[in-house]
Amino acid sequence: MIGKETFRVSVRDLIAASGPKGDLSQVYVSRTRALAGIREHTRIQAMRPPGYEREVPVSTRVDHDLFFLDIFGRIDGMMVTGDRVWVEEIKTTRQDPDFLCRNPLPAHKAQLKCYGHMIAQEKGL
């Protein structure tokens with residue numbers, strides 16, 4: 001058999017293709033709003049305690065019978081404290097944050113779950 005082909009996909013694209021409602025890339029964001037989001041990410045990350053890691057790259061490989069699937073992404077923030085690993089995915093919004101905390105978008109939850117799974121695999125948890 002010839003070697004298996006490898007496909008690379010970001011967590012964002014994997015989620016967009018897999019169907020949770022609230023696609024992470026479907027809403028147009030203006031350049032000004034995107035820059036405001038980046039500034040807010042930086043501000044929030046700067047408030048975190050010592051030991052907090054920013055923009056943590058993660059990846060995993062799925063070995064299927066016919067191909068390899070390399071999945072990659074970047075966690076906004078992570079912190080290891082004792083026997084816990086905290087994974088943070090920061091979302092900026094103009095909506096009521098209390099409402100969003102009670103009603104998170106499925107795509108946002110899927111993204112966080114993917115990152116959590118990848119970190120758990122990496123750390124043998």
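Computed over heavy atoms, backbone and side chain alike; hydrogens, waters and symmetry mates excluded.
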Participant: Rounded at 0.5 Å granularity, tell me how far CZ in Arg8 sits from CG in Asp70.
Facilitator: 6.5 Å
Participant: Check Val11 against Gln111 and note the closest heavy-atom contact, atom names and distance.
Facilitator: CG1-CG, 4.1 Å
Participant: When clusters are formed by joining ILVMFWY residues with side-chain heavy atoms under 4.5 Å apart, either directly or through shared neighbours, do Val9 and Phe7 land in the same one?
Facilitator: yes
Participant: Distance check, rounded to the nearest 0.5 Å: Ile90 atom CD1 versus Ile75 atom CD1?
Facilitator: 11.5 Å
Participant: Are any non-hydrogen side-chain atoms of Arg74 and Val58 less than 4.5 angstrom apart?
Facilitator: no
Participant: Identify whether Val56 and Met47 are in the same connected component of the hydrophobic contact network (ILVMFWY, side-chain heavy atoms under 4.5 Å).
Facilitator: no
Participant: Locate the shortest heavy-atom distance separating Leu112 from Glu89; write the atom from each residue and the value.
Facilitator: CD1-CB, 4.0 Å
Participant: Here's one to test your reading of the geometry: is the NZ or CZ of Lys4 within 45 degrees of the ring axis of Phe67 and under 6.0 Å from its centre?
Facilitator: no
Participant: What about Leu125 and Val87, same hydrophobic cluster or not, with Ile/Leu/Val/Met/Phe/Trp/Tyr joined at side-chain heavy-atom distances under 4.5 Å?
Facilitator: yes
Participant: Of all heavy-atom pairs between Pro104 and Lys109, which one has the smallest distance, and what is that distance?
Facilitator: CG-CD, 3.5 Å
Participant: To the nearest 0.5 Å, what is the distance between SG (Cys114) and CG (Leu14)?
Facilitator: 5.5 Å
Participant: Under 3.5 Å, is there a donor-acceptor pair linking the side chains of Thr60 and Gln121?
Facilitator: yes
Participant: Is any side-chain heavy atom of Trp86 less than 4.5 Å from a side-chain heavy atom of Thr81?
Facilitator: yes
Participant: Between His41 (side chain only) and Gly37 (backbone N and O only), is there a donor and an acceptor less than 3.5 Å apart?
Facilitator: yes
Participant: Measuring from atom CG of Asp63 to atom CZ of Arg61, what distance do you get when rounded to the nearest 0.5 angstrom?
Facilitator: 7.5 Å
Participant: Hey, could you give me the CD/CD1 distance between Glu40 and Ile38, rounded to the nearest 0.5 Å?
Facilitator: 12.0 Å
Participant: May I ask you to test the His64-Leu69 pair for a side-chain heavy-atom distance under 4.5 Å?
Facilitator: no
Participant: Do you know the tightest heavy-atom contact between Met79 and Gly51?
Facilitator: CG-O, 3.8 Å
Participant: Just how far is it from atom OG1 of Thr42 to atom CZ of Arg54, taken to the nearest 0.5 Å?
Facilitator: 7.0 Å
Participant: Determine, for Asp76 against Lys91, whether the closest basic-nitrogen to carboxylate-oxygen distance falls under 4.0 angstrom.
Facilitator: no
Participant: Between Gln45 and Glu88, do the side chains contain a donor N or O and an acceptor N or O under 3.5 Å apart?
Facilitator: no
Participant: Is Val62 reachable from Leu66 through a run of hydrophobic residues whose side-chain heavy atoms are each under 4.5 Å from the next?
Facilitator: yes
Participant: Please answer whether the main-chain N or O of Val80 pairs with a side-chain N or O of Arg84 as donor and acceptor at a distance below 3.5 Å.
Facilitator: no
Participant: Is there a donor-acceptor pair closer than 3.5 Å between any side-chain N or O of Asn103 and the backbone N or O of Phe99?
Facilitator: yes
Participant: Should Tyr115 and Val85 be regarded as members of a common hydrophobic cluster, given that ILVMFWY residues are connected when their side-chain heavy atoms come within less than 4.5 Å of each other, either directly or indirectly?
Facilitator: yes
